[in-house]
Amino acid sequence: VQLQASGGGLVQPGGSLRLSCAFSGTISSINPMGWYRQAPGKERELVVSITSTGSTNYADSVKGRFTISRDNAKNILYLQMSSLKPEDTAVYYCAAADTGVSGAHLFEYPYWGQGTQVTVSS
């Protein structure tokens with residue numbers, strides 16, 4: 001299993017970024033997947049997860065601003081981020097879970113990408 005995240009960078013408050021996560025190996029559309037983030041000195045936290053049926057679970061802090069999507073034909077997971085705030089600054093990780101779990105919990109994710117830095121600053 002391989003997950004490769006990309007798309008991070010420096011953006012001004014109020015700006016937008018789209019993260020991508022290319023996945024391969026045994027991961028497919030039936031695996032729950034998610035985006036997590038970790039800011040310096042803080043624990044890794046769920047940003048959003050998506051199940052095999054397309055159900056999503058967003059952190060309250062990103063609802064209405066971030067959108068997760070998955071292109072199963074291309075094996076790419078996306079995170080569209082809008083109205084970015086300085087507190088969104090973190091390393092963002094894509095992750096995949098095995099089938100049969102909800103994907104709502106950190107401990108359910110054995111497969112992780114390398115992370116991409118998002119910095120929101122003026």
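Keep in mind the model is a prediction, meaning the values are calculated, not measured. The figures that follow rest on heavy atoms only: side chains count, while hydrogens, waters and symmetry mates do not.
Distance CZ/R37 to OG1/T89: 9.0 Å, rounded to 0.5 Å. Taken to the nearest 0.5 Å, the CD1 atom of I76 stands 12.0 Å off from the CG atom of L3. Y111 OH to T26 OG1: the interatomic distance, rounded to the nearest 0.5 Å, is 5.0 Å. In this structure, the separation between CG on L77 and OG on S20 is 8.5 Å, given to the nearest 0.5 Å. Taken from OG1 in T116 to CD in Q4, the straight-line distance is 9.5 Å, to the nearest 0.5 Å. In this structure, R70 CZ and I50 CD1 are separated by 5.0 Å, a value rounded to the nearest 0.5 Å.
Nearest approach of Y109 to G34, heavy atoms of both residues: CE2-N, 3.8 Å. Nearest heavy atom pair, residue S61 against residue R65, reads O-NH2, 2.8 Å.
Side chain of Y36 to main chain of L106: a donor-acceptor pair is present (N/O by atom type, distance under 3.5 Å, no hydrogens or angles). When atom types are taken as modelled, the side chain of W35 and the backbone of Y78 share a donor-acceptor pair closer than 3.5 angstrom. Between the N31 side chain and the A97 main chain, a donor and an acceptor come within less than 3.5 Å of each other.
Residues F66 and V47 are in side-chain contact: their nearest non-hydrogen atoms beyond the backbone lie under 4.5 Å apart. Side-chain contact between L79 and V48 is present, with heavy atoms from C-beta onward closer than 4.5 Å.
E108 and S102 share a side-chain donor-acceptor pair at under 3.5 Å. Residues T51 and T53 have side chains that bring a donor and an acceptor to within less than 3.5 angstrom of each other.
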*Applying side-chain contact (heavy atoms from CB on, under 4.5 Å), run through M33 and I27 and close with a yes or a no.*
CA-CA 9 Å; M33 297 190 72; I27 300 301; 4.1 Å; yes
*Could you please spell out the steps behind the side-chain contact (heavy atoms from CB on, under 4.5 Å) verdict for Q38 and Y92?*
CA-CA 7 Å; Q38 187 165 19; Y92 283 71; over 6 Å; no
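A salt bridge is absent between D88 and K85; no separation between the charged side-chain nitrogens and carboxylate oxygens falls under 4.0 Å.
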